[in-house]
Amino acid sequence: MEHLPLNGKVAIVTGAGSPIGLGRAMTTALVEAGARVSMLDVNPNWLEETANEVREIGGEGCVFTELCDISDPASAEVAVRKTIASLGGLHILINNAGIMRTPETTEYNRTNFWEITPKTWADTMTVNANGPFFMANASAPHMIQQQWGRIIGVTTSIDSMYRQGLCPYGPSKASHEALIALMSRELEGTGVTANVLIPGGTTDTNLIP
């Protein structure tokens, strides 16, 4: 393990529990690169199932699981604190968790902005825009103190941000990307960086059934 590029690093991946999607894939890749990963998700069954499969690759101590609602600042802060206490540090934050559907709908339908309920807007923005801020806000002080850190925000293409029928998902991702741009400037010189990851091509996730 000593020769692996992320040996000794600790990462948080939000939305890591889903049986399909980016969170699971990124967690696996990080572990294979030598990192230990704190897997955060709101679904306990998915979280434990995926964690057990990753442990078969990296061993028992490669992952730490924590139920976390990133839309709740207190939950985000607790998850960061427990990660540092359990894994001995924090070097990488991947803000991957996001929603396109909300509890008031069972599937995603393209709708005009005037047909969207205030609850749909608020729920989507809370997870996709507020959540990454709460996680970064809780993680950055530790990273700045150690003078090294990587904050990565998973967003979407510009086309998707402004595509008709993709409100509020598109605007929520645009907000996340603007936050990353701001953070990258304010973190300059600290040893901590903030960057956007835009998945290419078609990605199999739970966002759309």
**Q** Nearest 0.5 Å, please: how far is CG in Asn130 from CG in Asp123?
**A** 11.0 Å

**Q** Is there a side-chain contact between Ser75 and Phe134 in this structure, where contact means two heavy atoms from C-beta onward sitting under 4.5 Å apart?
**A** no

**Q** Run the side chain to side chain contact (heavy atoms under 4.5 Å, CB included) test on Thr27 and Thr50 for me, step by step, so that the C-alpha distance in whole Å, both residues' side-chain angles and the decisive distance to 0.1 Å come before the verdict.
**A** CA-CA 9 Å; Thr27 297; Thr50 299; 5.9 Å; no

**Q** For the pair Gln146 (side chain) and Leu90 (backbone), establish whether a donor and an acceptor sit closer than 3.5 Å, ignoring hydrogens and angles.
**A** yes

**Q** If we ignore hydrogens and angles and just use 3.5 Å, is the side chain of Asn52 paired with the main-chain N or O of Glu48 as donor and acceptor?
**A** yes

**Q** Does the side chain to side chain contact (heavy atoms under 4.5 Å, CB included) test come out yes or no for Val10 and His91, once each step is laid out?
**A** CA-CA 5 Å; Val10 173; His91 306 90; 3.9 Å; yes

**Q** When you compare the side chain of Asn128 with that of Tyr169, does any pair of heavy atoms fall below 4.5 Å?
**A** yes

**Q** Taking atom CD as the centre, does Glu77 end up with more than 12 heavy-atom neighbours from other residues, nucleotides or ligands that are less than 6.0 angstrom away?
**A** no

**Q** Between Leu166 and Lys173, does the side chain to side chain contact (heavy atoms under 4.5 Å, CB included) criterion hold? Intermediate values first, please.
**A** CA-CA 11 Å; Leu166 280 186; Lys173 288 297 186 177; over 6 Å; no

**Q** Quick one: list whatever passes salt bridge (charged side-chain N to carboxylate O under 4.0 Å, His left out) with Arg150, sequence neighbours left out.
**A** none

**Q** Is there a continuous path of hydrophobic side-chain contacts, each under 4.5 Å between heavy atoms, that joins Leu47 to Ile57?
**A** no

**Q** Does any non-hydrogen side-chain atom of Cys68 lie less than 4.5 Å from one of Val78?
**A** no

**Q** Counting distance only, does the side-chain N/O of Asn96 pair as donor-acceptor with the main-chain N or O of Val13 below 3.5 Å?
**A** no

**Q** To check you understand the geometry: which heavy-atom pair defines the closest contact between Met125 and Ser175, and what is its length?
**A** CE-CB, 4.3 Å

**Q** Could you grab the distance from atom CH2 of Trp148 to atom CD1 of Ile92, nearest 0.5 Å is fine?
**A** 5.0 Å

**Q** Mind checking what makes salt bridge (charged side-chain N to carboxylate O under 4.0 Å, His left out) contact with Glu49, not counting sequence neighbours?
**A** none

**Q** Check the surroundings of atom CD in Gln145: do more than 12 heavy atoms from other residues, nucleotides or ligands lie under 6.0 Å from it?
**A** no

**Q** Give every donor-acceptor pair under 3.5 Å between a side-chain atom in residues 184-193 and any protein atom, sequence neighbours left out.
**A**
| residue | atom | partner | partner atom | Å |
| --- | --- | --- | --- | --- |
| Ser184 | OG | Ala181 | O | 2.7 |
| Thr190 | OG1 | Leu187 | O | 2.6 |
| Thr190 | OG1 | Val192 | N | 3.1 |

**Q** Check whether any side-chain heavy atom of Thr83 lies under 4.5 Å from a side-chain heavy atom of Glu66, and answer yes or no.
**A** no

**Q** Look up atom CZ in Phe133 and atom CG in Asn95, then write down how far apart they are to the nearest 0.5 Å.
**A** 11.5 Å

**Q** Once you round to the nearest 0.5 Å, how far does CD1 of Ile84 lie from NE2 of His142?
**A** 4.5 Å

**Q** I'd like to know if the side chain of Asn112 and the backbone of Trp114 have a donor-acceptor N/O pair within less than 3.5 Å.
**A** no

**Q** Would you give the length of the straight line joining atom OG1 of Thr14 to atom CD1 of Ile94, rounded to the nearest 0.5 angstrom?
**A** 8.5 Å

**Q** Might you work through the side chain to side chain contact (heavy atoms under 4.5 Å, CB included) test for Val37 and Met26, ending with a clear yes or no?
**A** CA-CA 10 Å; Val37 180; Met26 289 187 289; over 6 Å; no

**Q** What's the spacing between Ser139 OG and Arg81 CZ if we round to 0.5 Å?
**A** 12.0 Å

